[in-house]
Amino acid sequence: MSAMRRKTKKSMAVLFAGLVFIAGCGGSVGGGGDGGGGSAGGGSDLGGIFGAGIIDDGKEFGGNPQSSTSYRNSITPDEAYHLLRSAAFGATPKQVDDAVKKGLAETVDALLRKSVVPSTVRTLAESYELDMPKRWLVHMIDGPNPLHEKMAMFWHDRFATSRRVLGGRDRNLAVLHWNMLRDNALGDYRVFLEELTIDPLMLIWLDGANSPKASPNENYTREFWELFTLGRDSLYTEEDIREGARAFTGITLFREQDLDARPIFDLLNHDETIKTIFPGRTAPENFDYLKVIDLTLEQAESSRYVARNLFSYFAHDKPSDALVSDLANTLVEANFQITPLVRRILRSQAMFSEEARGDRIMAPVEHIVGVARTLDMHIHSEESQTSGLDRLVRDLREGGQELLNPPGVEGWGENEYWLQDQWVLSRARALSRSMDFGPQRVRDLPYHLLPSVTRWTEREVREEIVDAMASVFHLQLTDEERDVFVEVLDQNGWRAFHLTEPEQQPRHVAEMIRLMAMSERVLTR
């Protein structure tokens, strides 16, 4: 285990211990309201016991971490859950069972197919108009295309732009940008780059619309190569950036009354002179933005950069150069169609290796949406659609992540970036936004996944509740871990799991579920 990974696991153990301490003292981790209370790191020594996670019996997750060849088609429930957590945020027990029955190839193909969004979901999302966090969360939690939404999130982080630069009637440009990301997330990467370059929000964000030939702006050119296509310190030089900036001149925004700003190519403001880009690899030419995109994709560094980023996102962050080159060839042979590359990664040996399990701390949105989809939560009732969603968006923002508003051009950080104490507590509060559960859209708890409420006057039902939820999250608990969660139900005797006052019980079950959802094996993938 690397020093970075050991440090991350130690930090998570400390934070988890603090959450256990808060729950054990009778304080609600988020409760049902707005307050969190307390700080991480309280006086408990229980955090370290959650490092084991799912136990590998030697028969599962036997893939080669450096191989892109196909894994066996017959997958186990734990392997199916691993795939669906990585590719679809999360999965209910039924969805896991269906994946096992269908097999790996058919399950991946089903994830890649785009289904029609039900009118109820589309109408609810559109009702939030310019409130982009709410609008997108509706599709993530209740939409039928979780892999497409997750891929749009991936590109949003890599092609980071923020709606905070927009004002007045330009605010709708955030909606257009969001739709552009979702439309291209699994499509043609070349077309994606073309649409990204002339996207109105991107033109404002990186000053592309303010780059006349007399004074080329280098911001977009620099990020285009450094963050979008090649990677930092790869191939391009400062002189290439200056020459590329001249090629990107001439794009501006045209505004008409009552219409969204739209991009136009102004020939009078485009530098028509010869530019030299990547000297030694290509001849000087009168490049424009389309030719720069084509030229960039001709470089082997570009396909390798995309392949490495996608592989690291889904599998693990230690791919060999040979594996990256192999995946890059898949992208090139598919003429830069993204879907074949994603399909190959999701079906690969590496995807089902031990190295691909539990080594990435999920960002708040991915984590919370994953729990929601695993518990079959929905934005259904009026309360969920108003105050519940309001509080969820606020909790996620206070947890460090607000959709369509990343902190800068490099997007959000990764792994330990998310372990700031207050951010973790805000994430725990987000898990208190119960919304509506199961096929019957019941409030408060996922009763469809728990022992019958008629048995909640029996003392032994506490252990059954813990085991039921551990099974949903695919956690194999030790006896000690099990006792911790039973103790959360009893709240150290402060307000014990009431056999005579059953109306008190749902609160404690909700706290146990939230704590389990914050455990290391659920917080990582």
Side-chain angles (χ1 to χ4, degrees), residues 114 116-140 142-143 145 148-149 152-153 155-156 159-185 187-188 191-217 219-221 223-224 228 248-270 288-290 293 379 382 385-386 389-390 393-394 397 402-406 408-409:
K114 195 168 187 177
V116 175
V117 178
S119 59
T120 52
V121 174
R122 188 175 60 253
T123 300
L124 176 60
E126 290 174 353
S127 72
Y128 294 116
E129 298 179 338
L130 302 180
D131 193 335
M132 295 310 303
K134 291 182 185 178
R135 192 163 180 173
W136 202 348
L137 282 169
V138 170
H139 284 275
M140 289 182 182
D142 261 332
N145 300 303
H148 290 76
E149 302 298 343
M153 269 290 295
W155 294 117
H156 175 39
F159 301 160
T161 53
S162 173
R163 70 187 192 281
R164 66 178 174 268
V165 298
L166 302 176
R169 59 179 181 158
D170 275 349
R171 290 187 302 155
N172 193 55
L173 300 184
V175 179
L176 302 182
H177 180 82
W178 171 65
N179 282 322
M180 185 274 298
L181 292 174
R182 297 168 74 237
D183 289 344
N184 289 285
D188 186 318
V191 172
F192 199 169
L193 292 175
E194 292 172 0
E195 294 196 10
L196 181 74
T197 302
I198 62 172
D199 176 79
L201 175 54
M202 179 63 77
L203 286 169
I204 295 172
W205 174 248
L206 288 180
D207 302 303
N210 185 28
S211 185
K213 65 181 179 181
S215 180
N217 189 297
N219 286 350
Y220 182 76
T221 311
E223 309 309 346
F224 177 78
F228 303 166
F248 280 110
T249 58
I251 307 172
T252 189
L253 287 173
F254 180 67
R255 288 179 169 86
E256 292 181 280
Q257 188 174 6
D258 299 326
L259 295 176
D260 291 322
R262 67 180 189 272
I264 60 172
F265 191 71
D266 181 3
L267 282 174
L268 293 178
N269 266 312
H270 174 63
D288 59 14
Y289 78 96
L290 293 172
I293 291 171
I379 305 170
E382 182 177 351
Q385 294 169 11
T386 53
L389 198 51
D390 281 340
V393 168
R394 187 202 59 209
R397 181 177 65 249
E402 183 179 18
L403 295 171
L404 268 294
N405 191 21
V409 294

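Computed from heavy atoms alone, side chains included, the values below leave out hydrogens, waters and symmetry copies. In this chain, residues are counted from 1 in sequence order.
- Between L389 atom CG and D131 atom CG the span is 7.5 Å, to the nearest 0.5 Å.
- Remark: side-chain polar atoms of N184 are paired, donor with acceptor, to backbone N or O of M180 under 3.5 angstrom.
- Across L173 and A261, no two heavy atoms sit closer than the pair CD2-O, 3.8 Å.
- In this structure, F192 CZ and L181 CG are separated by 5.0 Å, a value rounded to the nearest 0.5 Å.
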Quick one, I198 with Y289, criterion side-chain contact (heavy atoms from CB on, under 4.5 Å). Give me CA distance, side-chain angles, the key distance, then yes/no.
CA-CA 9 Å; I198 62 172; Y289 78 96; 3.9 Å; yes

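- Under the 4.5 Å side-chain criterion, counting only non-hydrogen atoms from C-beta, T120 is not in contact with D142.
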Could you go through the side-chain contact (heavy atoms from CB on, under 4.5 Å) check for M202 and L206 one step at a time?
CA-CA 6 Å; M202 179 63 77; L206 288 180; 3.6 Å; yes

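- Residues A152 and A185 come closest through the heavy atom pair N-CB, 3.7 Å.
- Salt bridge present: R163 and E402 bring a charged side-chain N and a carboxylate O closer than 4.0 Å.
- To the nearest 0.5 Å, the span separating CG on L404 from CG on L130 amounts to 11.0 Å.
- Tested against L403 for a side-chain contact (heavy atoms from CB on, under 4.5 Å), the candidates R397, R135, M153 yield a single pass: M153.
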Under the criterion side-chain contact (heavy atoms from CB on, under 4.5 Å), I'd like the reasoning laid out for H270 against K213: C-alpha separation, chi angles, the key distance, then a yes or no.
CA-CA 5 Å; H270 174 63; K213 65 181 179 181; over 6 Å; no

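- The OG1 atom of T252 sits 8.0 Å away from atom CG of N210, with the distance rounded to the nearest 0.5 Å.
- Shown here for S162 and L201, the closest heavy-atom pair between the two residues is O-CD1, 3.4 Å.
- Of all heavy-atom pairs spanning D258 and R169, the tightest one is N-NH1, 3.4 Å.
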Does the side-chain contact (heavy atoms from CB on, under 4.5 Å) test come out yes or no for H156 and W136, once each step is laid out?
CA-CA 12 Å; H156 175 39; W136 202 348; 3.9 Å; yes

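- Between I379 atom CD1 and L137 atom CG the span is 6.5 Å, to the nearest 0.5 Å.
- Distance OG1/T221 to CZ/F228: 10.5 Å, rounded to 0.5 Å.
- You'll find the side chain of Q385 stays beyond 4.5 Å of the side chain of K134, heavy atoms only.
- The minimum heavy-atom distance between R164 and P406, with the atom names listed, is NH1-O, 2.7 Å.
- Considering every non-hydrogen atom in both L176 and D260, the closest pair reads CD1-OD2, 3.8 Å.
- A side-chain contact (heavy atoms from CB on, under 4.5 Å) with I251 is found for one member of I264, D266, D288, L203 and no other, namely L203.
- Put simply, the residue from W205, F248, F159 that forms a ring-ring contact (aromatic ring centres under 6.0 Å, His included) with Y220 is F248.
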